[in-house]
Protein chains: 2
Amino acid sequence: MNGSSRLVVATHVLTVLAVVSDQRLSSEKLAWSLNTNPVVVRRLLGHLRDADLVISKRGPNGGFALARSPDDVSLYDIYEALEVDSLFTFHPNEPNEACPVGDNIQAILTETLKPAEKALTDELKTITIDDLSQQILERSATPIESVESADLGD
Amino acid sequence: MNGSSRLVVATHVLTVLAVVSDQRLSSEKLAWSLNTNPVVVRRLLGHLRDADLVISKRGPNGGFALARSPDDVSLYDIYEALEVDSLFTFHPNEPNEACPVGDNIQAILTETLKPAEKALTDELKTITIDDLSQQILERSATPIESVESADLGD
DNA sequence: CTAATTGTAACATCCATAGTTACAAATAGT
DNA sequence: ACTATTTGTAACTATGGATGTTACAATTAG
């Protein structure tokens with residue numbers, strides 16, 4: 001999984017859940033904030049549930065809530081939950097083994113890029129959704145209740 | 001530009017050029033090492049030419065060569081030349097502005113993720129294609145001449 | 001003049017992601 | 001039990017970006 005907006009989208013959803021604290025929100029309300037389809041939300045949150053970042057409940061008054069305290073959910077946790085294989089993807093075709101560069105470059109790059117990827121993930125570990133949620137509260141003119149009571153149109 | 005294999009592919013090509021030092025190689029020979037189509041190579045190298053990483057020459061005995069010393073070309077230079085917008089892409093739809101999270105999350109994330117992206121690019125600056133080319137020479141059983149005299153089949 | 005080679009446009013193909021529809025499973029309220 | 005709500009998930013379609021291909025004009029060495 002790579003190159004998609006899923007890390008950002010997942011972060012958005014979890015930040016909404018952090019902002020409303022322990023209230024459950026339905027996939028429909030979350031989709032409203034993301035401006036997308038409820039099934040997309042359920043699919044994405046399925047991964048986050050498997051990684052114990054959220055809990056879900058079916059039936060009337062069901063929905064999703066954080067499984068942990070917001071200050072215990074870092075962007076790295078989300079990154080990991082989404083199983084981003086690697087930042088750096090290889091060409092669909094295998095390089096030519098008859099070429100000394102083609103025969104070795106992928107193994108060499110994989111090793112060489114590890115510290116770069118680690119530098120990134122180490123930074124992601126320092127950012128929690130609690131940080132993001134607090135920034136939202138500082139900035140936002142709109143009261144938080146607007147999320148809980150959102151008019152979903154029809 | 002994002003989420004593609006282009007950084008890896010471009011690095012591969014430039015490493016080939018580093019390994020054969022100042023010799024010019026045609027897009028066909030480079031495509032042979034990459035196991036792809038010559039036009040793909042020409043297109044990609046067009047960006048690297050615009051960024052002054054390679055020079056090209058048309059006509060008989062034309063082709064591509066490095067524009068600078070291999071130890072003066074870092075992976076960050078390539079990253080920059082390819083104009084990777086950002087590591088982190090946003091959802092195709094704008095989030096809902098009526099939601100306090102949707103209205104602010106993108107601006108907040110853009111700022112918050114900058115140090116993470118910088119951590120990555122700082123690491124990329126420390127890796128040059130000269131490093132990679134030396135690793136190839138250490139590992140490779142196949143002699144380098146094989147690239148210059150590659151049998152391109154037909 | 002010819003052959004080689006880049007530069008680039010135009011189009012086709014492919015693949016991953018996102019969107020949609022549909023429906024079974026679970027559960028709260030009555 | 002019945003009904004309404006909501007998740008879980010399969011199956012399919014739509015979209016967009018990247019790659020592959022064909023074609024040909026422009027450049028240049030000999």
Side-chain angles (χ1 to χ4, degrees), chain A residues 1-10 12-13 17 23-32 34-51 54-65 67 82-95 150 152 154, chain B residues 1-10 12-13 17 23-32 34-50 54-65 67 82-86 88-95 150 152 154:
Chain A
M1 175 170 313
N2 191 36
S4 76
S5 60
R6 302 192 355 160
L7 179 63
V8 169
V9 174
H12 181 156
V13 176
L17 293 177
Q23 296 188 64
R24 264 197 294 276
L25 291 181
S26 68
S27 60
E28 194 175 10
K29 279 189 177 159
L30 292 169
W32 171 82
L34 289 169
N35 195 19
T36 184
N37 189 293
V39 177
V40 172
V41 173
R42 297 208 287 271
R43 232 169 7 203
L44 184 64
L45 290 189
H47 294 287
L48 303 183
R49 179 175 16 81
D50 295 345
V54 300
I55 52 177
S56 62
K57 199 178 171 193
R58 293 177 170 190
N61 203 28
F64 297 88
L82 297 179
E83 293 172 338
V84 179
D85 313 312
S86 166
L87 240 33
F88 309 105
T89 42
F90 291 99
H91 195 83
N93 306 344
E94 288 290 302
L152 303 173
D154 250 316
Chain B
M1 172 170 315
N2 191 32
S4 76
S5 60
R6 304 195 348 161
L7 179 63
V8 169
V9 173
H12 181 156
V13 176
L17 293 176
Q23 296 188 63
R24 262 196 297 273
L25 291 181
S26 68
S27 60
E28 194 175 10
K29 281 191 176 159
L30 292 168
W32 172 84
L34 290 169
N35 195 19
T36 186
N37 188 294
V39 177
V40 172
V41 173
R42 298 208 287 271
R43 236 173 0 207
L44 184 63
L45 290 189
H47 293 287
L48 302 183
R49 177 173 17 81
D50 294 346
V54 300
I55 52 177
S56 62
K57 199 179 172 193
R58 293 177 168 189
N61 204 27
F64 297 88
L82 297 179
E83 292 172 338
V84 179
D85 314 312
S86 166
F88 309 105
T89 42
F90 290 98
H91 195 84
N93 306 344
E94 288 289 303
L152 303 173
D154 248 316

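Reminder, nothing fancy here: chain letters follow the sequence lines and each chain counts from 1. These numbers come from the heavy atoms of this one structure, side chains and all, not from hydrogens, waters or symmetry mates.
In terms of modelled atom types and a separation under 3.5 Å, the side chain of B:S26 and the main chain of B:K29 share a donor-acceptor contact. Side-chain atoms of B:N35 come within 3.5 Å of backbone atoms of A:E94 as a donor-acceptor pair (strictly under, hydrogens ignored).
Contact annotation: A:S56 side-chain N/O to D:dG8 OP1/OP2 distance is under 4.0 Å. Neither OP1 nor OP2 of D:dT6 sits under 4.0 Å from any side-chain N or O of A:S26.
Within 4.0 Å of B:G46, counting heavy atoms only, lies no atom of the nucleic acid at all. Within 4.0 Å of A:R49, counting heavy atoms only, lie sugar-phosphate atoms of the nucleic acid but no base atom.
A search for side-chain contact (heavy atoms from CB on, under 4.5 Å) contacts involving A:D50 returns nothing, not counting sequence neighbours. Among residues two or more places apart in sequence or in another chain, the side-chain contact (heavy atoms from CB on, under 4.5 Å) test is passed with A:A51 by A:L53, A:A81. By the side-chain hydrogen bond (donor to acceptor under 3.5 Å, both in side chains) test, A:R49 pairs with A:S56, sequence neighbours left out. Scanning for side-chain contact (heavy atoms from CB on, under 4.5 Å) contacts around B:A65 gives B:R24, B:I55, with sequence neighbours left out.
In this entry the distance linking CZ of B:F90 with P of D:dG16 reads 19 Å, nearest Å. A:E28 places its CD atom 16 Å from the C1' atom of D:dG8, with the value rounded to the nearest Å. Rounded to whole Å, the distance from CG on B:L34 to P on D:dA18 is 17 Å. Note: CG (B:L25) to P (C:dA4) measures 18 Å, nearest angstrom. B:H47 has its NE2 atom 13 Å from the C1' atom of D:dG17, to the nearest Å. Atom-to-atom, CG of A:L44 to P of C:dA18 comes out at 8 Å; the value is rounded to the nearest Å. Rounded to whole angstrom, the span from the CD1 atom of B:I55 across to the P atom of C:dT5 amounts to 16 Å. As rounded to whole Å, 19 Å separates atom C1' of D:dT6 from atom CH2 of A:W32.
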Set out, line by line, the N/O atom pairs under 3.5 Å between protein and nucleotides 27-30 of chain C.
residue: C:dA28; atom: OP1; partner: A:K57; partner atom: NZ; Å: 3.2

Protein-nucleotides 20-22 of chain D N/O pairs closer than 3.5 Å?
residue: D:dG20; atom: OP1; partner: A:H91; partner atom: NE2; Å: 3.4
residue: D:dG20; atom: OP1; partner: A:N93; partner atom: ND2; Å: 3.1
residue: D:dG20; atom: OP2; partner: B:T36; partner atom: OG1; Å: 2.5
residue: D:dG20; atom: N7; partner: B:R43; partner atom: NH2; Å: 2.9
residue: D:dG20; atom: O6; partner: B:R43; partner atom: NH1; Å: 3.2
residue: D:dT21; atom: OP2; partner: B:N37; partner atom: ND2; Å: 3.2
residue: D:dT21; atom: O4; partner: B:R43; partner atom: NH1; Å: 3.3

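Annotation: side chain of A:L44 is in contact with side chain of A:L82 (closest heavy-atom distance under 4.5 Å). Counting only heavy atoms from C-beta outward, the side chains of B:L17 and B:L30 approach each other to under 4.5 Å. B:T89 places none of its side-chain heavy atoms less than 4.5 Å from the side chain of A:L7.
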